[in-house]
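Input: a single structure, listed below in structure tokens.
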Amino acid sequence: DSGVTQTPKHLITATGQRVTLRCSPRSGDLSVYWYQQSLDQGLQFLIQYYNGEERAKGNILERFSAQQFPDLHSELNLSSLELGDSALYFCASSVAGAGTEQFFGPGTRLTVL
Amino acid sequence: GENVEQHPSTLSVQEGDSAVIKCTYSDSASNYFPWYKQELGKRPQLIIDIRSNVGEKKDQRIAVTLNKTAKHFSLHITETQPEDSAVYFCAATHQGGKLIFGQGTELSVKP
């Protein structure tokens, strides 16, 4: 167990819908990262927050957004869902930013029908 | 742009043999290189990492080497066991910590 928690574990929804994925980092970690893992794209960085502020952005779609709250938990919002958004979404956390170990949560498996 | 190439994509070895996975990164400013092991449907787990001021690091049967000049880094697993079977990902990080992952290597250790 990495100490990073994610909910829900599984999510099944329809195209066009909106979902929210939640992540709680390890105690003491200030950075939260979101990654998407699909069969054809591998592990792709989406976005990073550090102590409540956006730090870095990857190839995140405009339909996706995220935030980190004062208690440091983070939410990833996915809207206008498409079939191709079906993937495993991982959250990771680290103490700081560059050069520190990232520990991954168990992931949320999103299926869009 | 930032890119990490990983080879091979699949690797099959006999139990007890060594396994080597190689990665090349493009961003010369990358300074931290972790390796993750991922079992099917599970989270990636950090198994070893190396920073740019170190050339080699070892932890029991696992070792990682880094050649900054060539922008190469490699994972070496000795005395492989069936429980080493998994997908292994290399990554490079820069700019606040985002990880750029390689494509993954599916390692199969046959008893």
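Values in this document were obtained by computation on a predicted structure and should not be read as measured data. Sequence lines set the chain letters: A, B, ... in the order given, protein chains first and strands last, and positions in each chain run from 1.
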Exceeds 12 heavy-atom contacts within 6.0 angstrom, atom CD of B:Glu15: yes
Ring center gap for B:Phe101 and A:Phe45 short of 6.0 angstrom: no
Path from B:Ile21 to B:Val87 over hydrophobic side-chain contacts below 4.5 Å: no
Atom CD of B:Glu83: over 12 foreign heavy atoms under 6.0 Å: yes
Contact class of B:Pro44 relative to chain A, heavy atoms under 4.5 angstrom: both
Heavy-atom proximity to chain B below 4.5 Å, by part of A:Lys57: backbone
Side chain, backbone, both or neither of B:Phe33 within contact of chain A (heavy atoms, under 4.5 Å): neither
A:Glu53 atom CD: more than 12 heavy-atom contacts under 6.0 Å: no
Within one Ile-Leu-Val-Met-Phe-Trp-Tyr cluster: A:Ile47 and A:Phe64, side-chain cutoff 4.5 Å: yes
B:Gln38 portion near chain A, given a 4.5 angstrom heavy-atom threshold: side chain
CG (A:Leu83) with more than 12 external heavy atoms under 6.0 Å: yes
Minimum heavy-atom distance between B:Gly41 and A:Arg109, given as atom pair plus value: CA-NH2, 4.4 Å
Minimum heavy-atom distance between A:Gln37 and B:Phe89, given as atom pair plus value: NE2-CZ, 3.6 Å
Residue A:Leu39 excluded, over 12 heavy atoms near CG under 6.0 Å: no
Verify same cluster id: B:Ile47, B:Ile50 (apolar side-chain graph, 4.5 Å): yes
Spacing of B:Lys98 atom NZ and A:Gln44 atom CD [to the nearest 0.5 Å]: 11.0 Å
Short side-chain to backbone donor-acceptor contact, A:Tyr35 and B:Leu99, under 3.5 Å: yes
Spacing of A:Leu43 atom CG and B:Gln103 atom CD [to the nearest 0.5 Å]: 11.0 Å
Heavy-atom check, side chain of A:Ser2 versus side chain of B:Arg43, under 4.5 Å: yes
A:Glu54, CD: over 12 other non-hydrogen atoms inside 6.0 angstrom: yes
Check against side chain to side chain contact (heavy atoms under 4.5 Å, CB included), B:Tyr32 and A:Glu101: CA-CA 9 Å; B:Tyr32 173 64; A:Glu101 296 89 340; 3.4 Å; yes
CA sep, side-chain torsions, deciding dist, call: B:Gln45, A:Phe104, side chain to side chain contact (heavy atoms under 4.5 Å, CB included): CA-CA 7 Å; B:Gln45 287 186 278; A:Phe104 281 71; over 6 Å; no
